[in-house]
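Hydrogens, waters and symmetry mates play no part in the numbers below; they use all other heavy atoms, side chains included. Model, not experiment: these values are computed from the prediction. In the text below, chain A, chain B and the rest are named by the order of the sequence lines, each starting its count at 1.
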There are 2 protein chains.
Amino acid sequence: MARIVTIRTVAERAGCSIATVSRVINRSAPTSSEVEARVRTAVAELGFRPSEIGRALKTLRMRTLGVVIPSLTNPVFAASVAGMEGEARRRGHTLLLTATDYEPGREAELVETLVAQNVAGLLLTVADADHNPTLDLLDAEGIAYVLIHNEPAADARAAVCVDNAAATHALTGAMIAAGHRRIAYLAGRFSTSDRSRRRHEGYRAAMEAAGLAPEAPVELDYLGDAPSHAAALAGLFAGAGRPTAALCSNDLLALSVAGALRELGLAVPRDVSLAGFDGIALGRAMNPSLATVDTPTRRMGERAVEMLFAMLEEGEGPRVERLPFTLRPGGTLAAAPKRAVPRNPPSPPTPNPRG
Amino acid sequence: MARIVTIRTVAERAGCSIATVSRVINRSAPTSSEVEARVRTAVAELGFRPSEIGRALKTLRMRTLGVVIPSLTNPVFAASVAGMEGEARRRGHTLLLTATDYEPGREAELVETLVAQNVAGLLLTVADADHNPTLDLLDAEGIAYVLIHNEPAADARAAVCVDNAAATHALTGAMIAAGHRRIAYLAGRFSTSDRSRRRHEGYRAAMEAAGLAPEAPVELDYLGDAPSHAAALAGLFAGAGRPTAALCSNDLLALSVAGALRELGLAVPRDVSLAGFDGIALGRAMNPSLATVDTPTRRMGERAVEMLFAMLEEGEGPRVERLPFTLRPGGTLAAAPKRAVPRNPPSPPTPNPRG
DNA sequence: CTGTTAGCGCCTTCAA
DNA sequence: TTGAAGGCGCTAACAG
């Protein structure tokens with residue numbers, strides 16, 4: 001699929017050397033305006049476009065950014081990739097896109113594939129940023145990358161994310177303020193991921209601060225054609241002492257849980273209040289609307305690209321950048337049923353701790 | 001960001017020539033099992049992975065597929081790209097992803113960028129497939145591509161789509177069967193696109209078949225931060241003779257129109273019935289749920305890649321492949337209000353004309 | 001200001 | 001079975 005027109009074709013047509021053609025194209029050195037004109041005409045007439053391959057062979061760098069995400073089907077990742085694409089394009093780069101389909105084992109292989117394509121750098125969402133051989137390898141080889149959505153423990157790795165713990169802390173606070181006392185924590189896949197850990201941590205801290213007993217995450221598989229979570233949740237939501245609220249580690253999981261609760265004959269929010277995390281559009285449209293944490297997903301994608309270029313071009317060091325989030329109220333989060341009658345909420349949740 | 005390990009490093013370590021290393025790696029010629037073993041050990045120890053650039057310079061083809069879509073933010077395109085990615089990965093290829101942000105003028109530039117990267121082929125969703133200089137150029141240069149979502153008039157261009165006219169015909173039929181007589185047709189951007197034309201055509205045919213007057217498409221800009229369509233629709237939906245139903249050329253537009261109607265004090269579906277096109281998940285979750293045409297978006301992406309490889313490897317010629325769709329009933333499409341009392345629906349809509 | 005030339009990493013004849 | 005060498009398209013260092 002390559003054009004037959006090379007820099008040599010242009011040089012012949014313009015009656016000069018290939019070096020001059022290269023100089024004109026890249027403005028890498030001054031050229032006489034007369035020759036330049038001839039070259040430009042030749043380029044235009046032949047429809048010449050320099051091969052990125054040839055250039056890359058020399059510079060050892062393609063003008064592409066490698067992307068690894070779990071799945072494009074999740075609107076959260078689709079939005080951040082959209083942000084990356086726009087920002088990359090503004091900088092003359094293209095995305096090489098790959099997805100793990102939520103199989104962390106595929107991360108290493110995909111990264112290798114991308115590196116073999118001599119990408120300028122990588123944008124990754126991995127299962128666990130804190131304990132990850134693939135990232136260690138990239139560090140060792142000095143290959144630039146920025147994590148997105150992941151929240152590494154230390155600034156040793158570049159990342160763009162939100163303060164996950166602060167967000168679930170605020171969300172849990174809202175539930176407690178609404179009178180809930182027994183609040184379950186439901187986690188999707190990647191429950192061992194850094195995000196999930198952080199999110200559970202914020203939940204736990206909020207519960208303990210209110211003198212309530214935090215619960216261990218209930219792990220659910222929110223993907224694929226899994227019939228439903230009803231069976232998995234039946235035990236937890238049986239009996240009088242059942243949770244009156246559930247915090248889900250992400251929005252897609254929350255939607256799925258909402259369906260499962262309905263199957264179990266429980267009404268949201270009358271019997272059980274629900275909240276998610278991410279802020280996907282779907283949550284806004286459903287009825288009742290989903291209470292969640294709104295994250296600036298698209299902006300995170302843009303920011304990740306900006307940060308990657310800062311590392312690439314200005315030699316900036318890695319750091320974790322936390323973007324502001326907002327609590328999004330929703331119909332799925334209501335006052336706790338009877339028994340636990342809330343007084344006036346002791347401390348209303350701060351909508352956005354980080355401005 | 002390239003590794004420092006080249007084929008030469010491996011050759012030194014294995015104590016042989018680079019030609020032999022190449023032969024072992026690609027099994028392009030027989031090698032003694034002893035040397036082969038040494039090479040494989042060296043490759044493993046050094047973590048060597050042959051550069052795609054070097055290979056491509058020789059073969060003039062990278063193992064990448066170029067993708068151009070309007071926007072990843074629309075779940076329809078996100079889903080088809082997800083399908084492409086999976087299928088491409090299964091075939092050892094990666095996607096080079098770009099988006100036009102709904103500016104048809106950008107198509108040419110993006111395609112050029114991708115071609116300059118020596119992609120093996122292209123997967124495109126363009127504004128208008130029937131009248132498109134960029135596609136003409138690709139044809140002229142013999143660069144393989146498959147359109148997706150587009151529905152070209154002739155088989156001269158390879159495409160994977162649904163039968164847009166049949167789908168809107170069926171949908172319009174459902175509205176007529178529900179007693180609607182004045183049905184508006186609302187089109188989003190790309191209203192001059194092949195898809196939009198086909199869809200309007202199906203609507204028109206169904207209206208005429210029922211002895212009703214089809215209306216010209218009302219063009220709306222459903223994108224960006226556009227305040228709302230309320231102003232644009234105020235005239236159309238004023239007065240007693242206003243439409244009792246509206247067909248929107250896609251789901252995202254339908255969601256936006258639903259909001260606008262609400263602003264105008266009109267209830268959906270009590271005052272106005274609504275239907276979309278595509279079958280995005282959002283439509284299912286909203287309340288009332290959106291009546292629409294369900295299209296096998298992900299499968300279309302996979303199929304497009306399959307078709308591209310068939311052209312690339314088996315020299316197959318271009319053809320338009322229409323995948324089956326289904327009518328999805330939804331709460332937004334109800335019986336027409338009072339005045340127009342439907343007798344028993346004359347001809348119930350056929351849910352899926354193409355199986 | 002311009003031309004010549006040496007690679008970049010790999011594959012592929014051509015010889016040995 | 002293996003090695004040496006040329007060349008893919010381009011950039012950059014060096015002459016002129």
Visitor: Tell me: CD1 of I7(A) to C1' of dA12(D), nearest whole Å?
Guide: 12 Å
Visitor: Compare side-chain N and O positions of S22(B) against OP1 and OP2 of dC11(C) and report whether any pair is under 4.0 Å apart.
Guide: yes
Visitor: For dC11(C), take OP1 and OP2 only and decide whether either is under 4.0 Å from a side-chain N or O of R55(B).
Guide: yes
Visitor: In whole angstrom, give the distance that lies between atom CG of L60(B) and atom C1' of dC10(C).
Guide: 12 Å
Visitor: Pick out which of D194(A), D130(A), D136(A) makes a salt bridge (charged side-chain N to carboxylate O under 4.0 Å, His left out) with R157(A).
Guide: D136(A)
Visitor: Could you give the CG-to-P distance, from L57(A) to dC10(C), as a whole number of Å?
Guide: 9 Å
Visitor: How many whole angstroms separate atom CE of M62(B) from atom P of dC8(D)?
Guide: 18 Å
Visitor: In plain terms, say whether E109(B) and R106(B) are close enough for a salt bridge, that is, a side-chain N and a carboxylate O under 4.0 Å apart.
Guide: no
Visitor: Does V76(A) offer a backbone N or O that forms a donor-acceptor pair with the side chain of N74(A) under 3.5 Å?
Guide: yes
Visitor: If I compare all heavy atoms of L323(A) with all of E321(A), which pair ends up nearest, and what's the gap?
Guide: CD1-OE2, 3.6 Å
Visitor: Nearest heavy-atom pair of Q117(B) and T64(A): which atoms, and what distance?
Guide: OE1-CG2, 3.6 Å
Visitor: Closer than 4.0 angstrom, basic N to acidic O: yes or no for R298(A) and E87(A)?
Guide: no
Visitor: Identify, residue by residue, the members of residues 27-43 of chain B with a heavy atom below 4.0 Å from DNA chain C, and return them in order of residue number, or none.
Guide: none
Visitor: Looking at A99(B), is its backbone amide N or carbonyl O close enough to the side chain of R89(A) to form a donor-acceptor pair, meaning the two atoms are under 3.5 Å apart?
Guide: yes
Visitor: Nearest-Å distance, CZ (R63(A)) to P (dC10(D))?
Guide: 12 Å
Visitor: Which atoms form the tightest heavy-atom contact between T98(A) and T94(B), and what is the distance?
Guide: CG2-CG2, 3.6 Å
Visitor: Would you call L72(B) and E85(A) a side-chain contact if the rule is heavy atoms closer than 4.5 Å?
Guide: no
Visitor: Taking CD1 from I53(A) and C1' from dT11(D), how many angstroms apart are they, rounded to a whole number?
Guide: 15 Å
Visitor: Could you state the CZ-C1' distance from R61(A) to dC8(C), rounded to the nearest angstrom?
Guide: 14 Å
Visitor: Is there a donor-acceptor pair under 3.5 Å between the side chain of S22(B) and the backbone N or O of I18(B)?
Guide: no
Visitor: Of all heavy-atom pairs between R195(A) and H149(A), which one has the smallest distance, and what is that distance?
Guide: CG-O, 3.1 Å
Visitor: Search all heavy atoms of V21(A) against all heavy atoms of I7(A) and return the closest pair with its distance.
Guide: CG1-CG1, 3.5 Å
Visitor: Kindly point out which of dT11(D), dC14(D), dC10(C) is positioned nearest to the side chain of R23(A)?
Guide: dC14(D)
Visitor: When you measure only distances, ignoring hydrogens and angles, does the side chain of K58(B) come within 3.5 Å of the base of dG9(C) through a donor and an acceptor?
Guide: no
Visitor: Angle, rounded to 10°, between the helical axes spanning five pairs at each terminus of the helix from dC1(C)-dG16(D) to dA16(C)-dT1(D)?
Guide: 50°
Visitor: In whole angstrom, what separates R49(A)'s CZ from dC10(D)'s P?
Guide: 12 Å
Visitor: Could you list by number each residue of residues 11-21 of chain A showing a heavy-atom separation from DNA chain C of less than 4.0 Å, or answer none if no residue does?
Guide: C16(A), S17(A), A19(A), T20(A)
